[in-house]
Amino acid sequence: SKAALHAQASANGSPVGGAPVSTRRPNRTEAETRALLVAAATELFSSQGYAGTSTSQIAERAGVAEVALFRCFENKANLFRVAIFDPLGALIRRYAEQWNADDVPGLSHIVSDEFMHAFYNSMTEHRDSLMTLFTTRIHESPDVTSAGDQHAAMSEILGPLERAIRREIDPGRYPDVDVTIATRLTIAMIGGTVFFKDWLFPNDQRIGDDLVIGEMQRYIRAAIAREP
């Protein structure tokens, strides 16, 4: 019968009357698979939220088997944390390694145009993902990132930056600076500016990103180094 013919063709991976069609997925390295899953998860979490996104949707969007998601990340919560925190962590690690290699004292690196613009732009690029983290914690699934998980993730991200700042600030010259607090306040100021920019500077074309970043640079230098 026609139904039996179609069933046999499907089993053989061939259309009726046509050449065989491969159903095998392309061979990829684990790193390539992880990258595809993170990209797909970032997009879907941002548009649909954590609770509204299933692992099967992520795998389909990434073009990989769902079992590969569990093999790489174990569960959706772990993938969520990687998708949210990894981009910022990678950026900070890259700059912290560069600062350690350059071995230039002072605050020149922390408030440099290059780092401030790169970090501000990265926060802006991943703004939707970070906002998804906050809304998920508040409204959807408070347990998706426990306090311990968040602390570990933030320590991993901010640790290199904190060590770089600690290395560059002379305790004899700046004895009152608490580097841990100063680092987190610096990141909070940049992040808060990105999140609330539309509210803080509504429809004001005169206040562009360069002007805002410049003011933050002066603010950080005055706060950490106690410079006027």
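In what follows, residues are counted from 1 in the order of the sequence shown.
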Quick one, R127 with D198, criterion salt bridge (Lys or Arg N to Asp or Glu O under 4.0 Å). Give me CA distance, side-chain angles, the key distance, then yes/no.
CA-CA 12 Å; R127 174 183 173 180; D198 295 340; 3.8 Å; yes
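- E74 places none of its side-chain heavy atoms less than 4.5 Å from the side chain of L79.
- The minimum heavy-atom distance between A41 and A83, with the atom names listed, is CB-CB, 4.5 Å.
- The shortest distance between side-chain heavy atoms of T53 and F80 does not fall below 4.5 Å.
- Clustering of Ile, Leu, Val, Met, Phe, Trp and Tyr by side-chain heavy atoms under 4.5 Å joins I181 with L185.
- Summarising the geometry of L69 relative to L37, their closest heavy-atom pair is CA-CD1, 3.7 Å, with the distance given to 0.1 Å.
- Proximity of I220 to M189: side-chain heavy atoms (C-beta onward) are separated by under 4.5 Å at one or more points.
- With sequence neighbours left out, the ring-ring contact (aromatic ring centres under 6.0 Å, His included) criterion links F70 to no other residue.
- A 4.5 Å side-chain heavy-atom check between I190 and T193 finds every atom pair outside the cut-off.
- Aromatic ring pairs are classed by plane angle as parallel below 30°, tilted from 30° to 60° and perpendicular above 60°; the pair W199 and F196 is tilted.
- Hydrophobic cluster membership differs between Y219 and L211, with clusters built from Ile, Leu, Val, Met, Phe, Trp and Tyr side chains linked at under 4.5 angstrom.
- Judged purely by distance below 3.5 Å, without hydrogens or angles, the side chains of E66 and T55 pair a donor atom with an acceptor atom.
- Scanning all heavy atoms of the two residues, the minimum distance from Y50 to K76 falls at O-NZ, 2.9 Å.
- Here the side chains of Q217 and F115 are not in contact, with every heavy-atom distance at 4.5 Å or above.
- With sequence neighbours left out, the side-chain contact (heavy atoms from CB on, under 4.5 Å) criterion links E30 to R34, C72.
- Within 6.0 Å of the CD atom in E60, the count of heavy atoms belonging to other residues, nucleotides or ligands does not exceed 12.
- Checked by atom type and distance alone, the side chain of Q48 never pairs as donor or acceptor with a backbone atom of F45 at under 3.5 Å.
- Between the E32 side chain and the T29 main chain, a donor and an acceptor come within less than 3.5 Å of each other.
- Side-chain contact between F73 and R81: absent, with no pair of heavy atoms (C-beta onward) separated by less than 4.5 Å.
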What's the verdict on side-chain hydrogen bond (donor to acceptor under 3.5 Å, both in side chains) for H117 and D210, showing C-alpha distance, side-chain angles and the deciding distance?
CA-CA 8 Å; H117 277 82; D210 288 342; 2.9 Å; yes
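- Rounding to the nearest 0.5 Å gives a distance of 13.5 Å between NZ of K197 and CE of M123.
- T124 contributes atom OG1, which lies 6.0 Å from atom CG of N121 (distance to the nearest 0.5 angstrom).
- In this structure, T186 and M216 have side chains that are not in contact, with every pair of non-hydrogen atoms separated by 4.5 Å or more.
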